[in-house]
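Every chain is numbered from 1 and lettered A, B, ... according to where its sequence line falls, protein lines coming before strand lines.
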Number of protein chains: 2
Amino acid sequence: MQNPRRESRRDSMDQERPLPSVVERMWGREPVTRRGPRPRLDLATITAAAIEIADAEGLSGVSMASVASRVGVAATALYRYIGSKEDLLTAMADGAAPPPPEPAGMSWRDYLTLWTRAHRDIVLEHAWLLSVDRLAPPLGPRRLLWLDRALAALDGTGLDHGEKIKVASTLTGYALTDAALIHSIGGGDPTMENAAITGAADYGEVLAGLLDPVAYPALSAAMRSGVMHGAEGWVDDEDFVFGLNLLLDGVEALIGQRASEKQRASEKS
Amino acid sequence: MQNPRRESRRDSMDQERPLPSVVERMWGREPVTRRGPRPRLDLATITAAAIEIADAEGLSGVSMASVASRVGVAATALYRYIGSKEDLLTAMADGAAPPPPEPAGMSWRDYLTLWTRAHRDIVLEHAWLLSVDRLAPPLGPRRLLWLDRALAALDGTGLDHGEKIKVASTLTGYALTDAALIHSIGGGDPTMENAAITGAADYGEVLAGLLDPVAYPALSAAMRSGVMHGAEGWVDDEDFVFGLNLLLDGVEALIGQRASEKQRASEKS
DNA sequence: ACCTGAACACCGTTCAAGT
DNA sequence: ACCTGAACACCGTTCAAGT
């Protein structure tokens, strides 16, 4: 049912580890061109064009044809630079990330709060990331720089490397979750493409009409209480901080635990 | 650039609140048919067929044609039951969820642990949910039943309705994040469709080769320490519990806070 | 070596025509 | 009223041909 097109990776590049060639190109390792006309494009140009289209029209506006025409080339010429549309989406997901915020001597907690919020804001600015982002671990230079800065913020807390990575990836997930929530409620979507609901109040009312209070007792009670009609809208920065602090409180507890373990160990010797 | 097809909702149904008609159908409110031949299908049948295809071949195997042929009908007949493919995906996302686990007298913490793990496992069994799930708040009967049970588990903790909902949605996000992590690392994907990386060890090695230790100091240090080569694989249940406990510790702290507030208030009066 | 244009095998969706 | 079949306007990707 449709011929599988997998395995468009591992072309070119003499190197022991096979690596998707898009990833190579994301790191600036364009193949060394010798003979023939100079290439008119590069991956960064193509990616930037695709991102502009996605920002303006949503992901559905991004086709090989539309990207190609934006950079002034036939659709088929893109395949000189990219193995497939999948590859393009991968490159877009990395390319949409600006440099991470600088630590500037903050506490780990302050920095990670800033970091997570900034991450969330990026996703809101490029809402199409929500449809692209989830499936692969980051391999591009921009995303990995974000990861690096989160790990760096946790230096000196006594957490080991594995714990730091897990904290960072949990925070990444939180940023995505919060962005998805805001987006779906109708927060910051210029094209309104996927907002099934136009406002929080609507959501509550729709639910209230749908629910059988016997089958859905707790949810019905919540809806009847009017949670969805908060003074300044349902999803706001306060909500973001609320959930984030649940997480950071947990991290703080862990750090405290590690610190007291260390102290006990040093007292023993 | 492609004619916009929005606003295929709000057809039929005499009701004050306009509601996507798929949502109506998900709740069993099929339009009352009087004249003409009886319909051969219903939304549940179509949705189940689509889910089976997605489970077997991934989301890319799901086309109007493939779904229609599985239920023995021409592709165009599906439009009697569904407004668009988007609608089908919405119905699939709800239909893939089995009934939530029963509380059975557990503590809120035990139940939410079970709940979140079960949620995560569902996403792993239907990995295509990761590409479908994120954008709209749940409106289907199955998903809302999950939400109801999470809220119910938090009854008696002193949290208000808004707080309970935020806790539940944070846990949902965590389940998705964890599933995405496991999936991308190559965990449980029969079709291996989106696994850019075939194993955790590979990921670490690939990264190690890519990274400039000056530009990515903390991440390089983590990779050099060999975090990615844990004894029983990188992502396991222990990791799931680790991150989840960060969250639940935060929730527990909040519950404690609410409880002491209440006590202080009652002492005053 | 890069880029084009034609071609292929698909898509989702519409609409008039049959029952 | 349901379902079909033809048709439309797209897709992503290939490949031979031009430079």
If you look at every strand shown and take non-hydrogen atoms under 4.0 Å, does [X] touch a base, only sugar-phosphate, or nothing?
| X | value |
| --- | --- |
| A:Ala77 | base |
| B:Pro37 | base |
| B:Ser63 | sugar-phosphate |

What is the separation between atom [atom1] on [X] and atom [atom2] on [N], rounded to the nearest whole Å?
| X | N | atom1 | atom2 | value |
| --- | --- | --- | --- | --- |
| A:Leu41 | C:dA1 | CG | P | 17 Å |
| A:Lys85 | C:dC10 | NZ | P | 18 Å |
| B:Ile53 | C:dC11 | CD1 | C1' | 15 Å |
| A:Ile82 | D:dT14 | CD1 | C1' | 17 Å |
| B:Leu88 | C:dC11 | CG | P | 14 Å |
| A:Asp87 | D:dT13 | CG | C1' | 13 Å |
| B:Met64 | D:dC3 | CE | P | 16 Å |
| B:Arg80 | D:dC3 | CZ | P | 8 Å |

Which nucleotide in the set C:dC3, D:dG12, C:dT13 lies at the smallest distance from any side-chain heavy atom of A:Tyr79? D:dG12

Side chain of A:Thr76: nearest nucleotide among C:dC2, D:dT4, C:dG5? C:dG5

Please confirm whether the ring centroid of B:Tyr174 lies under 6.0 Å from the ring centroid of B:Trp115. no

Closest-nucleotide ordering on DNA chain D, the 5'-leading residue of B:Ala75 and B:Gly36: B:Gly36

Is there a side-chain contact (heavy atoms from CB on, under 4.5 Å) between B:His183 and B:Asp178? Walk through the geometry before answering. CA-CA 8 Å; B:His183 177 76; B:Asp178 192 68; over 6 Å; no

Counting Watson-Crick and G-U wobble pairs only, both distances under 3.5 Å, name the nucleotide matched with C:dC11, or none. none

For D:dC3, the Watson-Crick or wobble counterpart (both distances under 3.5 Å): none

side-chain contact (heavy atoms from CB on, under 4.5 Å) between A:Glu86 and A:Val132, intermediate numbers included: CA-CA 10 Å; A:Glu86 267 276 322; A:Val132 151; over 6 Å; no

Counting only side-chain N and O atoms of A:Tyr81, is one of them less than 4.0 Å from OP1 or OP2 of C:dC3? yes

Can you find a side-chain donor-acceptor pair between B:Asp87 and B:Thr90 that sits under 3.5 Å? no

Tell me whether the side-chain N or O atoms of A:Ser84 pair up with the base of D:dG12 as donor and acceptor below 3.5 Å, since no angle test is needed here. no

Quick one: does NZ or CZ of A:Arg120 land under 6.0 Å from the six-membered ring centre of A:Phe240, within 45 degrees of the ring axis? yes

